[in-house]
Amino acid sequence: MTMHIDAPVEKVFPFFKDPKALADITVMETEYFDVKETRQGTGTFFSWRSKIAGIPFEGFEVYTDVVPNKHITEKSSRAMMGTWDYDFEPEGKGTKVTMRHHPRSFWRLPPVNYLMALAQSRMMASFAPQVKERIETAGTKPAKSA
């Protein structure tokens with residue numbers, strides 16, 4: 001999936017590098033914990049807990065490759081989450097973000113793999129517009145009053 005975000009790569013990349021920022025807009029109700037960020041990004045990791053169709057799941061994510069303002073690879077302990085690659089390129093005054101999902105085999109059953117791919121594509125269809133809006137409007141919304 002590719003999308004254009006009306007913000008420079010120097011603003012977009014840090015958002016994707018920060019697991020806490022992404023946790024705020026997760027499509028499913030997901031709890032993130034044990035978040036440990038590294039300065040360079042590679043080695044950043046976090047754990048998560050969620051329910052999918054009422055079934056509880058837990059997982060662990062780690063950023064295995066981070067090239068500032070260019071690329072992030074995120075690997076999951078869960079087969080259904082697999083590996084995500086995020087690529088960032090300047091595009092006009094904004095940023096072109098390409099997100100690729102590489103799920104691992106899920107019990108070697110093609111129907112289950114198909115259902116997981118379908119679920120992932122639906123999640124991305126909801127997730128991507130939220131990311132775009134959050135980044136593009138950052139700093140333009142008034143602060144919430146207490």
Side-chain angles (χ1 to χ4, degrees), residues 1-53 55-108 112-113 115-144 146:
M1 164 180 245
T2 300
M3 69 176 159
H4 176 84
I5 298 177
D6 291 325
V9 72
E10 295 81 16
K11 182 177 177 184
V12 175
F13 183 83
F15 183 86
F16 278 84
K17 187 178 161 228
D18 180 0
K20 292 175 282 204
L22 292 172
D24 286 343
I25 57 172
T26 299
V27 177
M28 303 176 301
E29 283 191 38
T30 303
E31 174 191 359
Y32 287 71
F33 56 97
D34 293 334
V35 177
K36 303 287 189 248
E37 294 180 72
T38 65
R39 184 176 163 151
Q40 69 280 11
T42 301
T44 290
F45 65 90
F46 58 97
S47 298
W48 55 269
R49 204 176 282 132
S50 185
K51 284 188 179 182
I52 301 172
I55 301 169
F57 286 91
E58 288 191 9
F60 178 85
E61 312 285 318
V62 63
Y63 294 171
T64 59
D65 184 28
V66 176
V67 179
N69 296 330
K70 295 194 183 296
H71 178 81
I72 298 171
T73 297
E74 175 185 335
K75 291 191 177 190
S76 178
S77 63
R78 304 296 294 184
M80 66 184 171
M81 301 312 272
T83 300
W84 286 90
D85 283 307
Y86 306 92
D87 290 303
F88 308 87
E89 297 176 50
E91 184 175 67
K93 292 182 179 181
T95 304
K96 176 179 160 184
V97 179
T98 303
M99 297 177 279
R100 291 181 314 276
H101 180 228
H102 314 282
R104 291 190 307 273
S105 177
F106 197 70
W107 296 327
R108 305 270 186 228
V112 175
N113 284 333
L115 289 173
M116 293 311 296
L118 182 63
Q120 285 289 348
S121 68
R122 287 187 178 172
M123 285 174 38
M124 283 307 298
S126 175
F127 175 76
Q130 291 181 53
V131 169
K132 179 177 172 56
E133 179 183 0
R134 176 71 59 92
I135 294 171
E136 290 177 351
T137 61
T140 62
K141 291 184 178 179
K144 292 181 181 178

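Everything numeric in this text was worked out from a predicted model, so none of it was measured. Heads up: numbering here begins at 1 and tracks the sequence.
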Hey, does the side chain of Thr44 reach the backbone of Thr38 with a donor-acceptor pair shorter than 3.5 angstrom?
yes
How close do Val66 and Gly41 get, heavy atom to heavy atom, and via which atoms?
CG2-C, 3.5 Å
Checking Thr2 side chain against Thr98 main chain: does a donor-acceptor pair fall under 3.5 Å?
no
Nearest 0.5 Å, please: how far is NE2 in His71 from CG in Asp87?
5.5 Å
In Å and rounded to the nearest 0.5 Å, what is the CD1 to CZ distance from Ile5 to Arg134?
12.5 Å
Report yes if some heavy atom in the side chain of Lys11 is under 4.5 Å from a heavy atom in the side chain of Thr95; otherwise report no.
no
Spacing of CD belonging to Glu74 relative to OG1 belonging to Thr64, to within rounding of 0.5 Å:
9.0 Å
Could you tell me which non-hydrogen atom of Arg49 sits nearest to which non-hydrogen atom of Glu58, and how far apart they are?
NE-OE2, 3.0 Å
Met3 side, atom CE; Lys96 side, atom NZ - distance, nearest 0.5 Å
12.5 Å
Within the side chain of Lys132, is there an N or O that forms a donor-acceptor pair under 3.5 Å with the backbone of His4?
yes
Heavy-atom closest pair (Pro19 atom, Val35 atom, distance to 0.1 Å) is CG-CG1, 4.1 Å
Could you check Ile135, Val9, Val131, Val12 and say which one makes a side-chain contact (heavy atoms from CB on, under 4.5 Å) with Val97?
Val12
Check each of Phe60, Tyr63, Phe33 against Phe46 using the side-chain contact (heavy atoms from CB on, under 4.5 Å) test, and report the only one that passes.
Tyr63
Stepwise, does the side chain to side chain contact (heavy atoms under 4.5 Å, CB included) test hold for Trp84 with Ile72?
CA-CA 8 Å; Trp84 286 90; Ile72 298 171; over 6 Å; no
Could you state the interatomic distance from CZ (Phe15) to NZ (Lys20), rounded to the nearest 0.5 Å?
13.0 Å
Pair Ser76, Glu61 - check side-chain hydrogen bond (donor to acceptor under 3.5 Å, both in side chains), show working.
CA-CA 4 Å; Ser76 178; Glu61 312 285 318; 2.7 Å; yes
On the 0 to 90° scale, with breaks at 30° and 60°, tag the Phe16-Phe88 ring pair as parallel, tilted or perpendicular.
perpendicular
What is the minimum heavy-atom distance between Trp48 and Thr30, and which atoms define it?
CB-CG2, 3.8 Å
Shortest non-hydrogen separation from Ala128 to Met1 and the atoms involved:
CB-SD, 3.6 Å
Distance-only, no hydrogens or angles: does the Ser50 side chain make a donor-acceptor pair with backbone N or O of Phe57 under 3.5 Å?
no
